[in-house]
A.B. asks: 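A single structure is presented below for examination.
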Amino acid sequence: MTRFKIAPRRAAIAVALSLMFAVPLAGAAETAARGSDRVRVSVAFKPGAAAKMRAAIANAGGRVVFELEEVEAVSVDLPRRALAALKRSPYARFVEEEVMRYPYAKARSPAAGGTQVTPYGIPMVQANLVSDSMAGNRTLCIVDSGIDATHEDHQGNILAGFDYTGSSVGDWNTDESHHGTHVAGTIAAVDNTIGVIGVLPHKKLNIFISKVFDASGEASSGTVAKAMLGCRKLGSANVISMSLGGSRASRLEQAVVKFLAGRNILLIAAAGNAGDTSTSYPAGFAEVMSVAAVDSNMAHASFSQSNPDVEISGPGVGVLSTVPMGTGVDTSLTVGGVAYQANPTDGPVLSASGALYNYGTGEVSDPGVAGKMCLIQRGNISFADKVTNCMNDGGVGAVIYNNAPGNFNATLGGAPVTIPSATVSDVDGAAMLGQLGQSTALAMTPSNYAYFDGTSMATPHVSAVAALVWSKHTNCTAAQMRSSLTKSAMPLGGNVPNNDFGYGLAQAKAADDRITAMGCGN
């Protein structure tokens with residue numbers, strides 16, 4: 001396998017920039033470990049009052065974690081007892097406790113590697129109809145959990161980045177949360193005969209990684225704000241893609257997105273996965289395009305938030321993309337030689353075989369299952385208890401079938417099981433009940449790809465389309481590109497804009513054609 005190679009110029013920049021921060025960075029996990037006696041706060045200075053405000057911070061026992069010179073602010077680690085007094089300082093424009101941001105992916109399902117496939121979202125946004133030969137004209141910044149730069153489907157991509165997590169594990173080119181690699185795959189997985197392809201698959205796009213999530217899967221609003229500024233300062237980004245958010249607004253983030261939008265940068269963020277009408281941030285800021293999710297039939301995803309801030313939509317249900325090498329799971333299930341679609345649980349990645357045995361709902365001990373494969377109906381008790389009971393009775397593996405239409409994902413919550421387990425649909429479960437006693441093989445192997453759901457998955461489709469179209473029309477401003485994307489979107493949901501879809505589904509060719517015919521922003 002070809003290993004990751006950083007472009008020499010970008011590698012040198014990345015090393016040099018790592019020396020710019022005199023204070024160790026504090027990640028979310030580190031903040032939590034300090035306990036409730038300290039708190040992360042954002043402090044913005046009044047004009048001409050920076051020195052006095054910094055002195056007040058120091059006198060209060062605060063420690064500057066990030067400098068945000070562009071918006072005359074700092075992110076500070078502060079004793080909680082000092083917060084109220086600092087808020088009263090006459091030298092502060094504002095002092096706010098930082099809020100948390102999270103990735104917006106909902107679920108994981110298995111995917112095999114092998115022969116290259118085109119995920120449904122690529123033609124749905126018309127990326128296959130627009131050449132990315134000019135993509136080198138644009139830089140796209142991904143604010144997320146990093147990227148597995150050793151991935152087979154990212155070899156040759158132009159990558160650079162910076163790690164803002166403060167974690168002692170990994171760097172910008174590793175991905176402990178697995179989320180950022182999936183986002184990056186939708187944007188730029190390489191056209192190389194294996195795995196998948198992205199919206200811009202020909203290794204032309206400049207990609208900058210601003211890593212904010214460590215293994216904890218959370219980051220403060222101050223960290224995200226600093227990472228956004230880094231997209232411009234360190235990455236010279238034109239488009240910033242943020243598959244993340246939280247329920248509370250941040251004045252610091254608001255100041256940063258206003259600053260960046262004023263510097264001709266297009267900001268795009270996930271609308272959120274709460275499945276209600278609430279607003280997530282930073283998507284809720286006026287300077288940011290809020291992206292909702294649709295499924296392969298262009299229907300609104302049930303988890304996708306619906307509100308007046310939603311501006312555009314992208315594919316976000318069952319999106320196939322890259323995950324860190326070996327962290328996905330490919331599942332194979334056959335009964336009597338008949339193959340069934342199965343989703344793995346989060347149990348051990350193992351293989352097993354045996355005669356299929358009806359284990360009911362898994363609530364009652366049945367020694368008859370010893371040496372056999374448990375077929376278990378969903379319901380009544382937890383998935384962990386079902387698999388544990390099967391294991392304790394000597395079962396070699398467990399297949400859990402749905403008690404409602406469709407397949408599903410199941411988690412075992414860290415239960416100490418030692419047998420493989422997977423889920424299947426209600427229809428397939430009913431068919432297997434007619435195959436009891438037949439030889440059953442459940443095989444799980446590591447994979448480099450997975451299906452995710454979420455507005456996190458919709459966002460990179462739109463961000464990549466923006467970079468693709470803008471690369472061909474570099475005379476357009478960010479504001480004009482935003483306007484062209486909405487005006488060329490495929491209308492969905494009746495009158496547009498609407499709270500479910502915004503102006504509709506992002507369309508690369510329609511946007512390209514519209515700008516060619518009518519000019520930027522028209």
A.B. asks: Would you confirm whether Asp175, through its side chain, and Pro324, through its main-chain N or O, come within 3.5 Å as a donor-acceptor pair?
C.D. replies: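 Not at all, since once roles are kept as given, no pair shorter than 3.5 Å links the two residues.
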A.B. asks: Quiz question: by atom type and distance under 3.5 Å, do the side chains of Thr277 and Ser306 form a donor-acceptor pair?
C.D. replies: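 Looking only at side-chain atoms, Ser306 and Thr277 do not form any donor-acceptor pair under 3.5 Å.
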A.B. asks: Minimum heavy-atom separation for Gly314 and Ala458, please, with both atom names.
C.D. replies: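 Nearest heavy atoms, Gly314 then Ala458: O-CB, 3.2 Å.
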A.B. asks: Return the minimal non-hydrogen interatomic distance between Gly146 and Ile209, and the atom names on each side.
C.D. replies: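 Shortest heavy-atom separation between Gly146 and Ile209 comes out as CA-CG2, 3.6 Å.
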A.B. asks: Scan side-chain atoms only and decide if Thr423 and Asn407 contain a donor-acceptor pair under the 3.5 Å cut-off.
C.D. replies: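 Asn407 and Thr423 do have a side-chain donor-acceptor pair below 3.5 Å.
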A.B. asks: To the nearest 0.5 Å, what is the distance between CG (Asp512) and CD (Gln507)?
C.D. replies: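 Reported value, rounded in 0.5 Å steps: 12.5 Å.
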A.B. asks: So, Ser243 versus His179: side-chain donor-acceptor pair below 3.5 Å or not?
C.D. replies: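 No donor-acceptor contact under 3.5 Å links the two side chains.
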A.B. asks: Check whether any side-chain N or O of Asn157 sits under 3.5 Å from a backbone N or O of Leu159 as a donor-acceptor pair, and report yes or no.
C.D. replies: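 Pair absent, no side-chain N/O of Asn157 close to backbone of Leu159.
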A.B. asks: Just how far is it from atom CG of Asp163 to atom CH2 of Trp172, taken to the nearest 0.5 Å?
C.D. replies: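 The distance works out to 10.5 Å.
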A.B. asks: Please examine the side chains of Leu266 and Asn238, heavy atoms only from C-beta on, and report whether any two atoms are closer than 4.5 Å.
C.D. replies: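 No; the side chains remain at least 4.5 Å from each other.
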A.B. asks: Just checking, any donor-acceptor pair under 3.5 angstrom between side chains of Asn273 and Thr455?
C.D. replies: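 Result is yes, a qualifying pair exists.
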A.B. asks: Can a donor-acceptor pair be found between the side chains of Asp346 and Thr411 at a distance below 3.5 Å?
C.D. replies: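 Not at all, the side chains of Asp346 and Thr411 share no donor-acceptor pair under 3.5 Å.
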A.B. asks: Which value, rounded to the nearest 0.5 Å, describes the distance between Asp426 atom CG and Gln377 atom CD?
C.D. replies: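 Atom-to-atom, Asp426:CG and Gln377:CD are 9.5 Å apart.
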A.B. asks: If you measure only the distance, is there a donor-acceptor pair under 3.5 Å linking the side chains of Asn448 and Glu152?
C.D. replies: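 On atom types as modelled, these side chains qualify, holding a pair under 3.5 Å.
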A.B. asks: Are the aromatic rings of Phe213 and His178 close, with centres under 6.0 Å apart?
C.D. replies: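 No, ring centres 6.0 Å or more apart.
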A.B. asks: Is the shortest side-chain N to carboxylate O distance from Arg101 to Glu253 below 4.0 Å?
C.D. replies: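 Judged by the 4.0 Å cut-off on N to carboxylate O distance, Arg101 and Glu253 do form a salt bridge.
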A.B. asks: How far apart are the closest heavy atoms of Ala188 and Ile207, and which atoms are they?
C.D. replies: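 Taking every non-hydrogen atom into account, CB-CD1, 3.7 Å.
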A.B. asks: Kindly determine whether Met490 and Gln126 satisfy side chain to side chain contact (heavy atoms under 4.5 Å, CB included), including the steps that lead there.
C.D. replies: CA-CA 11 Å; Met490 178 188 296; Gln126 299 182 326; 5.9 Å; no
A.B. asks: I want to check something: taking the side chain as every heavy atom from C-beta on, are Pro282 and Met242 in contact at a cut-off of under 4.5 Å?
C.D. replies: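 A side-chain contact under 4.5 Å exists here.
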A.B. asks: Answer yes or no: is there a donor N or O on one side and an acceptor on the other, between the side chain of Ser220 and the main chain of Thr223, under 3.5 Å?
C.D. replies: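 Here the side-chain-to-backbone pair exists.
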A.B. asks: Between Leu205 and Ile187, is any pair of side-chain heavy atoms under 4.5 Å apart?
C.D. replies: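 Sidechains of Ile187 and Leu205: in contact.
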A.B. asks: Find the distance between CZ (Phe383) and CG (Leu412) and round it off to the nearest 0.5 Å.
C.D. replies: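 Nearest 0.5 Å value for the CZ-CG distance: 9.0 Å.
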A.B. asks: Can any side-chain N or O of Asp148 pair as donor or acceptor with the backbone N or O of Thr181 at less than 3.5 Å?
C.D. replies: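 Side chain of Asp148 to backbone of Thr181: no pair is present.
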A.B. asks: Judged by atom type as modelled, is there a donor-acceptor pair below 3.5 Å linking the side chain of His461 to the main-chain atoms of Pro315?
C.D. replies: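 Answer holds: yes.
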A.B. asks: For Ser241, run the side chain to side chain contact (heavy atoms under 4.5 Å, CB included) check against Thr186, Leu267, Leu140 and tell me which one passes.
C.D. replies: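 Exactly one pass, corresponding to Leu140.
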A.B. asks: Just so I know, are the side chains of Val317 and Val294 near enough to count as touching, which here means a heavy-atom distance under 4.5 Å?
C.D. replies: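 Contact flag for Val317/Val294 side chains = no.
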A.B. asks: Are Ser278 and Gln305 linked by a side-chain donor-acceptor pair shorter than 3.5 Å?
C.D. replies: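 Their side chains do contain a donor-acceptor pair, which is all the 3.5 Å distance test asks for.
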A.B. asks: Between the side chains of Asp153 and Tyr449, is a donor N or O closer than 3.5 angstrom to an acceptor N or O?
C.D. replies: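 There is such a pair between these side chains.
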A.B. asks: Does a donor on one side chain and an acceptor on the other come within less than 3.5 Å for Ser216 and Glu218?
C.D. replies: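 No pair is found: no donor N or O on one side chain lies under 3.5 Å from an acceptor on the other.
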A.B. asks: Could you check whether Asp144 pairs with Lys211 (Lys NZ or Arg NE/NH1/NH2 to Asp/Glu carboxylate O, under 4.0 Å)?
C.D. replies: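 Looking at Lys211 together with Asp144, the answer is no, because their closest N to O distance does not fall below 4.0 Å.
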A.B. asks: Please verify the inter-ring angle class for Tyr164 with Phe162; under 30° counts as parallel, over 60° as perpendicular, anything in between as tilted.
C.D. replies: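 If you compare the ring of Tyr164 with that of Phe162, the planes turn out tilted.
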A.B. asks: Do Asn389 and Tyr359 have side-chain N/O donor and acceptor atoms under 3.5 Å apart?
C.D. replies: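 No, no side-chain donor-acceptor contact under 3.5 Å.
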A.B. asks: Is any side-chain heavy atom of Gln155 closer than 4.5 Å to one of Asn192?
C.D. replies: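 The answer is no, as the side chains (C-beta and beyond) never meet within the 4.5 Å cut-off.
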A.B. asks: Just by distance, with hydrogens left out, do Glu176 and Ser145 show a side-chain donor and acceptor under 3.5 Å apart?
C.D. replies: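 Result is no, nothing qualifies.
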A.B. asks: Heavy atoms only: give me the nearest Ile142-Val183 pair and the separation to one decimal.
C.D. replies: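 For Ile142 versus Val183, the nearest heavy atoms are CG2-CG1, 3.9 Å.
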A.B. asks: Would you say that more than 12 heavy atoms from the other residues, nucleotides or ligands in this model lie under 6.0 Å from the NZ of Lys509, or not?
C.D. replies: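 Atom NZ in Lys509 is not crowded, with 12 or fewer foreign heavy atoms closer than 6.0 Å.
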A.B. asks: Look at atom CD of Gln438 and say whether more than 12 heavy atoms of other residues, nucleotides or ligands are closer to it than 6.0 Å.
C.D. replies: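 Enclosed.
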A.B. asks: Of the non-hydrogen atoms in Asp500 and His300, which two are nearest, and what is the gap between them?
C.D. replies: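 Residues Asp500 and His300, closest heavy atoms: O-ND1, 3.3 Å.
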A.B. asks: If every non-hydrogen atom of Val310 is compared with every non-hydrogen atom of Ala292, which pair is closest and at what distance?
C.D. replies: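 Of all heavy-atom pairs spanning Val310 and Ala292, the closest is CG1-CB, 3.7 Å.
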A.B. asks: I'd like to check Ile268 versus Val288 (side-chain heavy atoms, cut-off strictly below 4.5 Å). Are they in contact?
C.D. replies: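 Side-chain contact under 4.5 Å: no.
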A.B. asks: Any chance the side chains of Ser382 and Asp385 put a donor and an acceptor closer than 3.5 Å?
C.D. replies: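 Their side chains do contain a donor-acceptor pair, which is all the 3.5 Å distance test asks for.
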A.B. asks: So Thr440 and Leu333, do their side chains get closer than 4.5 Å, heavy atoms only?
C.D. replies: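 Yes, their side chains come closer than 4.5 Å.
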A.B. asks: With a cut-off of 6.0 Å (strictly less than), are more than 12 heavy atoms of other residues, nucleotides or ligands near CZ of Phe408?
C.D. replies: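 For Phe408, atom CZ is crowded (more than 12 foreign heavy atoms under 6.0 Å).
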A.B. asks: Within a strict 4.5 Å, meaning less than it, do heavy atoms of the Leu485 and Val465 side chains meet?
C.D. replies: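 Yes; the side chains approach each other to less than 4.5 Å.
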A.B. asks: Within this structure, what is the OG1-OH distance for the pair Thr459 and Tyr104, rounded to the nearest 0.5 Å?
C.D. replies: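 If we round to the nearest 0.5 Å, Thr459:OG1 and Tyr104:OH are 10.0 Å apart.
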A.B. asks: Tell me which one of Thr445, Val329, Asp330 satisfies side chain to side chain contact (heavy atoms under 4.5 Å, CB included) with Val349.
C.D. replies: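 Answer after filtering Thr445, Val329, Asp330: Val329.
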A.B. asks: Checking side-chain polar atoms at under 3.5 Å, does Glu363 have a donor or acceptor matched by the opposite partner on Asn380?
C.D. replies: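 Their side chains do contain a donor-acceptor pair, which is all the 3.5 Å distance test asks for.
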A.B. asks: State the CG-CD distance between Asp191 and Gln116, to the nearest 0.5 angstrom.
C.D. replies: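 Between Asp191 CG and Gln116 CD, I get 4.5 Å after rounding to 0.5 Å.
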A.B. asks: Could you label the plane-to-plane angle of the Phe452 and His182 rings as parallel, tilted or perpendicular, counting under 30° as parallel and over 60° as perpendicular?
C.D. replies: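 Rings of Phe452 and His182: parallel, as their planes differ by under 30°.
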